[in-house]
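For reference, the structure is listed below as structure tokens.
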Number of protein chains: 2
Amino acid sequence: MARPNRPLLTRERIIAAALDLVDGHGVDALSMRRLAERLGVRAASLYNHVSTKEDLLRGIADLVMRQVDVSGFTTGDWRAALATWARSYRTVLAAHPNVVPFMVNGPGRLEIALSRADAVHGGLTRAGWPPRHATMIGAAVKYLVVGAALGSFAGGFSDDAQVYADRYPNLSQAHLLRERQVEIDEGGFELALTALLSGLEALYAEVGRPA
Amino acid sequence: MARPNRPLLTRERIIAAALDLVDGHGVDALSMRRLAERLGVRAASLYNHVSTKEDLLRGIADLVMRQVDVSGFTTGDWRAALATWARSYRTVLAAHPNVVPFMVNGPGRLEIALSRADAVHGGLTRAGWPPRHATMIGAAVKYLVVGAALGSFAGGFSDDAQVYADRYPNLSQAHLLRERQVEIDEGGFELALTALLSGLEALYAEVGRPA
DNA sequence: ACCTGAACACCGTTCAAGT
DNA sequence: ACCTGAACACCGTTCAAGT
């Protein structure tokens, strides 16, 4: 079949399948040929909907990124908005750990990332933070979230292959290890976030100009 | 020349050249063939000194990681040691931004990374922090550092290619942008680090058991 | 408009053959 | 012991050819 009446592919279907592949088997498992096979199609066909593999990766990053909740910045006070954003951001990344590495060093900025950053910046400045501080606060929270997401990723991969596959053929040990990793990841993240928020509270008393 | 009297290659020379290549042209520019060409040798020759490309990447990560200063934990108090470690860690990563992505999600833990983590953990527990807190503090600082290093990386890559190459053929604008990025990166990092340290100070009063 | 086979220039890695 | 050419199974991407 050279051309079906209804297209076999759409950009959305391709991106969703690619994310599924990356989530399940890591970035290295994502090749255009392998992805095409999953979609019952040939590699060349993908290029009718996606201009390049980089474009595809950008699509994945975009799909993940738009799940982050920045709604707090349009309504609530900056403390709650910041906390909600940070936790939502982290939760979303933790759900797609294999995506984090290329999402963060991605080629050029995503529009969606820019719009998220604008929401944060806008919310903070409206709350009375000087623009310069707003920028740095956004940066600080992003560092923490991204670092935590990557840390979790690394942790998940660490001893899994050797300890579990070679020496402990049953799941229970690896499972316990992973559970502990999650606890440490979240504990470390919450520790830093709480400290950051209370540090900001003190700073706000100095430089903030409430409306 | 099939076999010279003195070997043309050593593992160290290969890794140093690879780091140089990655620093200068990014991870994507690192291929075994390209690296071999730089070393005046054929790709297959590299496999006499390096078991795999993954092994090579691990070597690079190791080379970078051992520059991080954790000496404070054996001598000074935990506050100073933590601050020195965090800033040194960040400075080292910032000097090799292209290395950060694969250093952090690297395949399995590096020995050097483990020894660094042990130094931190030991220093903190000797200072009276409960082990559980020591682990989370180490995690929190690592998140912040890694996130900041990646953020800087992303920032450096953002508008450079388009703005600078296409529309501003002279260096000045891009240079200014980069300078500003560095300032924001460092400001955001210091903001979060300071907040974290003072947050820890408060926590230490609760759970710390000074020797 | 959209799918395809074939081709291009690349990969990482192996291995017998050289010295 | 260490470097090499040739080969393997893979890549991303292009493009004329099909409908």
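Within every chain, numbering begins at 1; the chains are lettered A, B, ... in the order of the sequence lines, protein sequences first and strands thereafter. We use all heavy atoms of the structure for the numbers below, so side chains are in, but hydrogens, waters and symmetry mates are not.
Going from atom CG of A/N48 over to atom P of D/dA16 covers 14 Å, rounded to whole Å. Rounding to whole angstrom units, CZ of residue A/R33 and P of D/dG12 are separated by 7 Å. Residue B/L8 contributes atom CG, which lies 20 Å from atom P of C/dG18 at whole-angstrom precision. One can place CZ of B/R13 at 10 Å from P of D/dC3, the figure rounded to the nearest angstrom. Computed from coordinates, the A/K53 NZ to D/dC11 C1' distance equals 8 Å when rounded to whole Å. Spacing between atom CD of A/E37 and atom P of D/dC10 amounts to 11 Å, rounded to whole angstrom units. Put simply, CG on A/L39 is 11 Å from P on C/dT4, counting in whole angstrom units. Rounded to an integer number of Å, the gap from A/M32 CE to C/dC11 P is 19 Å.
Pairs engaging residues 19-47 of chain A under the salt bridge (charged side-chain N to carboxylate O under 4.0 Å, His left out) rule: A/D20-A/R38 [sequence neighbours left out]. Applying the salt bridge (charged side-chain N to carboxylate O under 4.0 Å, His left out) test to residues at least two apart or on different chains, the pairs with a partner in residues 65-94 of chain A are A/D62-A/R66, A/D77-A/R79, A/R79-A/E201, A/R87-A/E190, A/R90-A/E186.
A sub-4.0 Å separation between OP1 or OP2 of D/dG12 and a side-chain N or O of A/T52 is absent. The phosphate of C/dC3 has OP1 or OP2 within less than 4.0 Å of a side-chain N or O from A/H49. Side-chain nitrogen and oxygen atoms of A/R34 include none within less than 4.0 Å of the OP1 or OP2 phosphate oxygen of D/dC10.
The two residues B/L144 and B/L193 make their nearest non-hydrogen contact at CD2-N, 3.7 Å. Minimum interatomic distance between A/A195 and B/L196 (heavy atoms only, all atoms of both residues): CB-CA, 3.7 Å. Considering all non-hydrogen atoms of both residues, A/T74 and A/R126 come closest at CA-NH2, 4.3 Å. Annotation for A/L19 and A/H96: closest pair CD1-ND1, 3.8 Å, computed over non-hydrogen atoms.
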**Request:** Fill in the dot-bracket string of DNA chain C, one character per base: . for unpaired, | for a pair to another strand, ( ) or [ ] for pairs within the strand, taking Watson-Crick or G-U pairs under 3.5 Å.
**Result:** ||.|||||...|||||.||

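Counting atom types as modelled, A/R42 pairs no side-chain N or O with a base atom of C/dG5 as donor and acceptor under 3.5 Å.
Between A/I14 atom CD1 and A/N48 atom CG the span is 8.5 Å, to the nearest 0.5 Å.
At a threshold of 4.0 angstrom between heavy atoms, the contacts of B/L30 are confined to the sugar-phosphate backbone, with no base atom among them. Nucleic acid contact class of A/L46 (heavy atoms, under 4.0 Å, all strands): none. Here A/S45 lies in heavy-atom contact (under 4.0 Å) with a base.
Comparing D/dG12, C/dC3, D/dT4 against the side chain of A/V41 picks out C/dC3 as the nearest.
Nearest-nucleotide mapping onto DNA chain C: of B/A44 and A/A44, the residue sitting toward the 5' end is A/A44.
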